[in-house]
Amino acid sequence: MNLELFIPEITLAVFAILVILLDLFVRDKSWLRLVSLSGLVIAGGVTVAMWGDDSTAIFNNMLAVDNFALFFKLLFAGIAFLVILASTDYVAKFARFQGEYYALILLSTLGMMLMAATTDLISLFVALELTSISLYVLVGFLKDRKSTEASLKYLLLGAIASAVLLYGMALVFGSTGQTQLGAIAQAIQSMSLESVLDSPALLMGIVLLIAGFGFKIAAVPFQMWVPDVYEGAPTPVTAYLSVASKAAGFAIILRVFFSAFGIPEWLSMNWGMIFAALAVISMIIGNVIAIPQTNIKRMLGYSSIAQAGYLMVGLAAIGFAPAIATQGQSTILFFLASYALTNLGAFIAVIAISNKINSDDIADYAGMGKRAPVMALALTLCLISLIGMPPAAGFMAKFYIFSTAVQNDLLWLVVIAVLNSVISAYYYLRVVKVMWYGQPASGEKVPSSGAPRLALFLCCLGVLVLGIIPGLVMRLAELAGKMFAF
Amino acid sequence: MIPYQLVWLIMLLPLFSFIVNGLIVRPFIKPKSRVYGYITVGAIGVSAVLSIWALFSVMSASHHEIPVPDVTWMVLENGVTIHLGLILDSLTAVMLVVVTVVSLMVQIYSLGYMHGDEAGYYRYYTWMSLFTFSMLGLVLSDNLLFTFVFWEMVGLCSYLLIGFWFHRKSAADAAKKAFIVTRIGDFGFLAAILILFFNTGTFDIAALHGLVIAGTLGGTVLMWAAIGIFAGAVGKSAQFPLHVWLPDAMEGPTPVSALIHAATMVAAGVFLVARMFPLFEYSTAALTTVAIIGGFTAIFAATMGLVMNDIKRVLAYSTVSQLGYMMLGLATGGVAVGIFHLFTHAFFKALLFLGSGSVSHSTGTFDMRLMGGLRKTMPWTYATFLIGSLSLAGIWPLAGFWSKDEILISSLANQPVLFWLAMITVFLTAFYMFRAIFMTFHGEYRGGDESGDYKHTHESPLVMVGPLVLLAILAVIAGWWNVAGGFNEVMGAHGHEETRGFFGGLFGAFTHTVQGVPLPLISLLVGLFGIFSAYTIYIKKWITAESLGRVFGPLYTLVSRKYFFDELYENIIVKLALMKGLFTGFTLFDSKGIDGTVDGVSDVVISGGQAIRHAQTGQLQLYGLFIGIGVVIISLCVYFFG
């Protein structure tokens, strides 16, 4: 086996340990940030260098090194980079454990990278747990009542989800005798429809897998943890959760369902239909409950549930037409990249503003257009992107996903999705309205420091680039989607 | 040969100055600083140099076209690829030079003209840069989709700049009027684009030309597409019956009028017809429509120019009239004839507008009844304005003579009736321009603004006079390009069979005959007669304007009230038919039907949200239960329906 193919992961592990050790010696804690950022830059750089046409399996077919995994690795490295950049001011408030904060982010990023690469149920579970456990700790990092409660809830519900997932894996293993995804696919192809219907353990296993993954991507009805955890967690961690954790969930769903359950068509139609149904209720519940929210973090939490719904429209399209699944995958990858930049941008603006006014209430954002014009402008752009209006990235992302679904005869689903986009405009634009037309509580300016501004600038630039020249990223996504079109 | 990257740069430099002016330097520099102007002038200056280089490259290239590689902008799933591509052929190259050179002159002039304006340079130069970028994009684009995007962007810039002094109600109204009236034409253009796309599956202009020439696209489809495109051109180029917005657009700053409402944007309609010319060539009905609308607009607008007292409005009607001329030229003589007039007209009409701005800079008014005698205090403005007027009146050997001549020759050959209208227009044009000159620069000073002191009138600063002189030079020499048929050769037309050489062509104009008639000589005499008529009325006063007014009373009222078109549109169509009739019905339907439904739906959604959110109790056990219930329900569904 070629260890070179594992360099990004090794780099992150080394840097995570390095940060913890450095924390013991250095007095100026900003070094920790710098070290973490450089670790991510190295990992990301190596990932870019590894981009190529060939895909290799490593660790006894446990992990794959292909463009699909590399796309996600780069995405995760980029997200972690932006989150760390944005949490500069936030973390400076912590008296202790700054090293652990950075190390945990690096470790969970490592876990997510593994999730994107995994091709075996065993390695999948290990990667998932590595990610989750780091996140449980991060959510409770503030150590106040709300944060601790959020962390505990996340841990307990996460444990339930893991149990459900494991049960699903056990059933799949029991029906096929395999844990490796490709081998599972082969085993399923030798089964007939009748034999599966006679002993529906395989179908039950798939349902349980969907439930387990549904927890990760926050699909209704497995989303109950979202509002409480998002509100209680430190805001940078919320941003990280809402973007990276969700993307990792989709990475793993795409890999598992396409590699293992993509063929035959009656099977893929089945899970396609489940995802279509989950998409509908996620969109409706997410958007409708977001409307009465008064706390911006909770509102963004519900919005992220709805966004998962739009993404599942893409999954449903793949299930319904596995023949053109490559295209469906690339649209989901594009949506994830666009969503990552957009949602991070929104959260970074929220972090910068909330940190200074000490409130997450939407009402307190009144007059931010005057008090913090740059932040308000960026937040407006990101919210517009979340609605899916041009020229922001969200428009192209939704356009791609919806057009794929329409081509696969899912017009009814797209109609529901578009109606939901209209509903979502209400609560997104309400924030915009409050910021620009509301009466400011005081004329005092809200200052912001350099690092979050840089992160926000990068996000907004990305949102505009993806929205105006989607071809650039779409090409990468197409190459990444191609890898397991066997 | 110009590298293709630099062709992109021609268009991107003004965009760059727009971004720098509008978004980057604003926090550091005061709105009144001249730096905004320097940034714009610098960017457009480089663009102008590159454009001239591009023109020379095109002239020497084979087929007079330089290929520019495409950029793929977007791939739609069903195999439609939208390219972001540029054309650089002779038509585009000529337009590039017109746009960048006139824009450069106007931007330099504006440094003086906008000095001391309360709004400052910031907003002004930001929009001017955006306009120049959009206009360049419009002429460079190689597909209809982007042409339309830029088409709308120039419309937006026009709106923003007409309403530059938006605190004045008249300016805000004029901006709205321009935007709405052109939108009527744009609807036709958009419809045409869709017709073409659904019939051919492509937006690419060259591909469409190919389909038309090959005969794949023809018949009624082609006719409606061409007429739709022409409708867009009618709106943008202020042709009858959508001409009403252009005179009002004079509410904007004068340099804006010079650039947008004389030289470039209003000519975009003419350009569009030229760009899509094969579509018109293969549809006789469309081509005849263009000729008739153009010819009629030429004389119709010229009559209104006779009676206006605001110098900018005289020029505005003159512009409408000349745009009609260009349309007539396109329809009867082809691309080369129409575009050649566009080319020369851009320089002398920009010059005239800037000259009128210079006059008002000194007198504080645009009303010619309050001017007079300015030739002594404003010698440079007077001289350049005179050159521009002579050129517009079509006096040999100035630029206007050559381009107007071509249009007359081709219309005589193809549309004899319209030829007579065009010939009368020559007389009217010469008359109203010299009426303006005599009222403004000759006779006694009649007061100007409140101060009313002749001593206060003064020549404008060098930064304004400089562009006037440069444009005046162009207004003289621009026509000589085609004296020996050079322009026609570049545009791929062969109007002049015999090669005569430069001086042969220059003086041969007097002896040149068309169908046995010495047409150039006649049109020159008609123009001179127009000037003479103005001289007898406004200088010698052998016949007074008042007595003419009495004799032609009703006619005078009709013309000076602009044939009551504003009243027709505003009172009868908008206020009566639309407001009282159609819109009242809509309002009722809207307030009762739609609002009721929307309110009902939103109430349901909001109260639904309120209700469901109570499920979020914070109770962990309940959350866990939901996961369990979810799994059970999904399993049951799969079991029963799967």
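Quick note on labels: first sequence line is chain A, next is B, and so on, each numbered from 1. Values below: all heavy atoms of this structure, side chains included; hydrogens, waters and symmetry mates excluded.
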Completion exercise
Applying a strict 4.5 Å limit to non-hydrogen atoms, the region of A:M204 in contact with chain B is side chain
Practice task
Assess the pair B:Y36 and B:Y125: is the distance between their ring centroids shorter than 6.0 Å?
Solution key: no
Problem - Side chain to side chain, A:Y400 and A:P470, heavy atoms closer than 4.5 Å - result: yes
Fill in the blank from the handout: In A:I274, A:I401, A:L278, the residue satisfying side chain to side chain contact (heavy atoms under 4.5 Å, CB included) with A:M312 is A:L278
Problem - Ring centers of A:W271, A:F257 separated by less than 6.0 Å - result: yes
Exercise for the section: Using distance alone, with no hydrogens and no angle criterion, decide if A:S303 and A:Y428 have a side-chain donor and acceptor under 3.5 Å apart. Expected result: yes
Practice task
Could you tell me whether B:R183 sits above the aromatic face of B:F179, with NZ or CZ closer than 6.0 angstrom to the six-membered ring centre and within 45 degrees of the axis?
Solution key: yes
Exercise for the section: Can you tell which part of A:M396 gets under 4.5 Å to a heavy atom of chain B, answering side chain, backbone, both or neither? Expected result: side chain
Problem - Check: A:M283 and A:V313 side chains under 4.5 Å, non-hydrogen atoms - result: yes
Exercise for the section: Check whether any side-chain heavy atom of A:T404 lies under 4.5 Å from a side-chain heavy atom of A:I332, and answer yes or no. Expected result: no
Exercise for the section: Could you look at A:I284 and say if it's the side chain, the backbone, both or neither that has a heavy atom under 4.5 Å from chain B? Expected result: neither
Fill in the blank from the handout: Among residues 620-628 of chain B, those lying within the under-4.5 Å heavy-atom range of chain A are B:L620, B:Y623, B:G624, B:F626, B:I627
Practice task
Could you note down all residue pairs passing salt bridge (charged side-chain N to carboxylate O under 4.0 Å, His left out) where residues 158-169 of chain A supplies at least one of them, sequence neighbours left out?
Solution key: none
Problem - Partner chain B: residue of A:I468, A:L472, A:I285 with the largest heavy-atom pair count (under 4.5 Å) - result: A:I468
Completion exercise
The interface call for A:I423 against chain B, heavy-atom contacts under 4.5 Å, is side chain
Practice task
Side chain from CB out, backbone as N, CA, C, O: work out which of these in A:V207 comes under 4.5 Å of a heavy atom of chain B, or both, or neither.
Solution key: side chain
